[in-house]
S.K.: 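Below is one structure. I have some questions about it.
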Amino acid sequence: MFKNMPELPEVETIKIQLEKFLTGREIIGVEVRNRKTLADGEENLPGGKIIGVRRFGKVVVIDLDNDYSVLIHLKLTGQLVFQGPNLPGKHTHVIFDLDGGKKLYFNDLRKFGWIKIVKSGDVATESFIAKLGPEPFKDLTLEKFKEILSKTNRPIKIVLMDQTKISGIGNIYANEALWLAKINPCVPARQLDGKTARHLYSVILEVLKDGLKWGGASDQAYIQPSGEEGKYQEHFLVYGRQGQICQRCKKAKIAKTKLGGRGTYFCPICQK
DNA sequence: CCAGCAGCCTGTGCGC
DNA sequence: TGCGCACAGGCTGCTG
């Protein structure tokens, strides 16, 4: 199953590695094999020297010295691989040719991911990035978090995954955080009391940090630019564990339901 | 304002 | 063994 998608820890891992591999390198040329990958259908990508890599939520930004930046969203199955073996492959849609014969491959089985070129000065106001909510570890303070929850009656899990409310959390980490905090995914956000919200806040930072520590979660879709797999999937406590006994109460079986169209896993006893 | 859902896409895993 | 089909899911855009 290709069920995992790059979320904050995965994209941060990608960002850190790309920074190391790409900074200072020249983009000699770009081969576009699937034009639909380019969000605006740009034909000529603007070469230049790579001066840095940034991350906004789940978006990777590669900054060039010619005042252009390359925005990349991997969505569900996108990969950025530096110098991989057996590449390009069937799912390689864009190839960045770098100096020294090096290459950066953009692969995406489901073709949901996109690449967009904008002026570096316009990155912050680009439509997707401008709408992103506060970033965990940066501007998402506990106060801000409580304020976000207090303003809506939508299920807490939907709110956590809403990129305009908080950026970077996807289905895996939302499920894991709610299990750790013993909160039912369907509870309206506004109903969480101060203590519970505070607990959830610290648990969110904890799971994201943990994901990053293990280099992200790999199923088959996600791999790091180095070609390595993440290891976080070996540490899932609730995600994908439907039918298995809850690790905490040792009584209930993990249930699976759908919330906002997404697979939702929880312990019916622990998460009231 | 919000909720719900189709659409995008393709490998997987089920039923028959 | 193989065919057909439902399913997964981040995000957009449409409708109610």
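Protein chains get the first letters and strands the later ones, always in sequence-line order, with residue 1 at the start of each. Atom set for the values below is all heavy atoms of this structure, side chains included, hydrogens, waters and symmetry mates excluded.
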S.K.: Taking NZ, NE, NH1 and NH2 as the nitrogens, is one of them in A:Asp99 or A:Arg25 under 4.0 Å from a carboxylate oxygen of the other?
M.R.: yes
S.K.: Looking at every non-hydrogen atom in both residues, tell me the closest pair between A:Ile169 and A:Leu160 and how far apart they are.
M.R.: CB-O, 3.4 Å
S.K.: Pairing of DNA chain B as dot-bracket, 5' to 3': ( ) intra-strand, [ ] crossing, | other strand, . unpaired, with Watson-Crick or G-U pairs under 3.5 Å?
M.R.: .|||||||||||||||
S.K.: Provide, to the nearest angstrom, the distance between the CG atom belonging to A:Asn175 and the C1' atom belonging to C:dA8.
M.R.: 14 Å
S.K.: Just by modelled atom types, is the A:Asn171 backbone N or O under 3.5 Å from a matching donor or acceptor in the A:Asn175 side chain?
M.R.: yes
S.K.: Atom CZ of A:Phe128 and atom C1' of C:dT12: how far apart are they, to the nearest Å?
M.R.: 10 Å
S.K.: Give a yes/no on whether any side-chain N or O of A:Lys75 is located under 4.0 angstrom from OP1 or OP2 of C:dT12.
M.R.: no
S.K.: Using a cut-off of 4.0 Å on non-hydrogen atoms, how would the nucleic acid contact of A:Asn153 be classed: base, sugar-phosphate, or nothing?
M.R.: nothing
S.K.: Are A:Leu205 and A:Ile156 grouped together when hydrophobic residues (ILVMFWY) are joined by side-chain heavy atoms under 4.5 angstrom apart?
M.R.: yes
S.K.: For A:His73 and C:dG10, is the shortest distance between a side-chain N/O and OP1 or OP2 below 4.0 Å?
M.R.: no
S.K.: Do we see a donor-acceptor contact under 3.5 Å between the side chains of A:Lys111 and A:Thr37?
M.R.: no
S.K.: According to a strict under-4.0 Å criterion, is A:His91 in side-chain N/O contact with OP1 or OP2 of B:dG11?
M.R.: yes
S.K.: Starting from P on C:dG9, measure out to CD1 on A:Ile169 and report it in whole angstrom.
M.R.: 17 Å
S.K.: May I ask you to evaluate whether A:Arg154 reaches the phosphate of B:dA3, defined as a side-chain N or O under 4.0 Å from OP1 or OP2?
M.R.: yes
S.K.: Calculate the interatomic distance between A:Leu259 atom CG and B:dA3 atom C1'; express it in whole Å.
M.R.: 12 Å
S.K.: Using a 4.0 Å heavy-atom cut-off, does A:Lys36 contact any base of the nucleic acid, only the sugar-phosphate backbone, or nothing at all?
M.R.: sugar-phosphate
S.K.: Less than 4.0 angstrom between a side-chain N/O of A:Lys111 and OP1 or OP2 of B:dT10, yes or no?
M.R.: yes
S.K.: Taking CD from A:Gln79 and C1' from C:dG10, how many angstroms apart are they, rounded to a whole number?
M.R.: 17 Å
S.K.: In whole angstroms, how far is the P atom of B:dA3 from the CG atom of A:Asp162?
M.R.: 10 Å
S.K.: Kindly point out which of B:dC8, C:dG9, C:dG10 is positioned nearest to the side chain of A:Arg110?
M.R.: C:dG9
S.K.: Under 4.0 angstrom, heavy atoms only, what part of the nucleic acid is A:Gly263 near: base, sugar-phosphate, or nothing?
M.R.: sugar-phosphate
S.K.: Quick one: salt bridge (charged side-chain N to carboxylate O under 4.0 Å, His left out) pairs with a partner in residues 45-61 of chain A, sequence neighbours left out?
M.R.: A:Glu12-A:Arg55, A:Arg54-A:Asp63, A:Arg55-A:Glu135
S.K.: Answer yes or no: does a side-chain N or O of A:Gln163 lie under 4.0 Å from OP1 or OP2 of C:dG10?
M.R.: no
S.K.: Would one find a side-chain N or O of A:Tyr239 under 4.0 angstrom from OP1 or OP2 of C:dA8?
M.R.: no
S.K.: Treating Ile, Leu, Val, Met, Phe, Trp and Tyr as nodes and any side-chain heavy-atom pair under 4.5 angstrom as an edge, say whether A:Val123 and A:Leu132 lie in one connected cluster.
M.R.: yes
S.K.: Whole angstrom is fine here: how far is it from NZ in A:Lys258 over to C1' in B:dA3?
M.R.: 16 Å
S.K.: Is the cationic atom of A:Lys102 (NZ for Lys, CZ for Arg) positioned less than 6.0 Å from the six-membered ring centroid of A:Phe82 and within 45 degrees of its normal?
M.R.: no
S.K.: If you measure from the ring centre of A:Phe112 to the centre of the six-membered ring in the base of B:dC8, is it under 5.5 Å, with the planes under 30° apart?
M.R.: yes
S.K.: Return the value, rounded to whole Å, for the distance between atom CG of A:Asp108 and atom P of B:dT10.
M.R.: 9 Å
